[in-house]
Amino acid sequence: MPAVFISRQPLVNRQSKIIANRLTLHCCEGASGSDAVAMLDSLADQWPQGEKQVFLNLSGAPLDAALLASPAPANTTLEIPASA
């Protein structure tokens with residue numbers, strides 16, 4: 001079964017206050033963009049809400065139509081690698 005993991009990196013300002021979060025998708029064992037979308041959809045109830053921005057980094061996931069077509073929560077910005 002393909003595996004998709006997320007790692008979290010808090011983004012802090014000069015006063016060491018968390019101002020945003022960066023979530024990076026890591027796809028293992030041949031996981032596709034559809035597998036990543038299914039995993040993200042399963043996290044809808046736990047998705048960080050509020051005023052803090054969430055940057056979703058796709059560097060660890062295959063960039064395909066399924067991933068780009070899925071609706072992202074309002075406080076989410078997709079980070080797409082320049083090489084894509």
Side-chain angles (χ1 to χ4, degrees):
M1 179 174 171
V4 179
F5 301 96
I6 292 181
S7 62
R8 176 185 168 266
Q9 175 187 10
L11 303 176
V12 296
N13 64 10
R14 290 183 181 164
Q15 291 78 31
S16 297
K17 180 181 176 187
I18 296 174
I19 57 172
N21 290 290
R22 174 174 287 124
L23 303 178
T24 302
L25 291 177
H26 303 278
C27 294
C28 305
E29 302 171 11
S32 67
S34 297
D35 296 322
V37 168
M39 191 274 310
L40 289 172
D41 288 344
S42 72
L43 294 175
D45 293 338
Q46 293 84 27
W47 195 258
Q49 300 296 320
E51 61 194 46
K52 290 189 174 89
Q53 189 69 20
V54 176
F55 295 97
L56 186 59
N57 188 318
L58 304 178
S59 66
L63 188 61
D64 63 9
L67 196 53
L68 294 176
S70 82
N75 63 336
T76 304
T77 300
L78 293 177
E79 292 185 321
I80 299 173
S83 61

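Keep in mind the model is a prediction, meaning the values are calculated, not measured.
A distance of 6.0 Å separates CZ of Arg22 from CG of Asn57, quoted to the nearest 0.5 Å. Distance check, rounded to the nearest 0.5 Å: OG of Ser34 to CG of Asp41 gives 10.5 Å. Considering NZ of Lys17 and NZ of Lys52, their distance stands at 6.5 Å, rounded to 0.5 Å. Taking CG of Asn75 as the reference point, atom CZ of Phe55 lies at 10.0 Å (rounded to 0.5 Å).
A 4.5 Å side-chain heavy-atom check between Leu25 and Ile6 finds at least one atom pair inside the cut-off.
The shortest non-hydrogen separation linking Asn21 to Pro10 is OD1-CA, 3.9 Å. Pairing each heavy atom of Ala31 with each of Ala3, the nearest pair is CB-O, 3.6 Å. Of all heavy-atom pairs between His26 and Ser7, the closest is NE2-OG, 2.9 Å. Contact detail for Ser32 and Cys27: the closest heavy-atom pair is O-SG, 4.5 Å.
Test Ile80, Leu40, Thr77 against Leu56 for side-chain contact (heavy atoms from CB on, under 4.5 Å) and you get one pass: Leu40.
The same ILVMFWY cluster, assembled from side-chain heavy atoms under 4.5 Å apart, contains both Leu43 and Val37. At a threshold of 4.5 Å between side-chain heavy atoms, the hydrophobic network of Ile, Leu, Val, Met, Phe, Trp and Tyr places Leu23 and Leu78 in one connected group. Residues Trp47 and Phe5 are members of separate hydrophobic clusters, defined by side-chain heavy-atom contacts under 4.5 angstrom among Ile, Leu, Val, Met, Phe, Trp and Tyr.
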Thr24 and Gln9: CA distance, side-chain angles, deciding distance, side-chain contact (heavy atoms from CB on, under 4.5 Å) verdict: CA-CA 8 Å; Thr24 302; Gln9 175 187 10; 5.7 Å; no
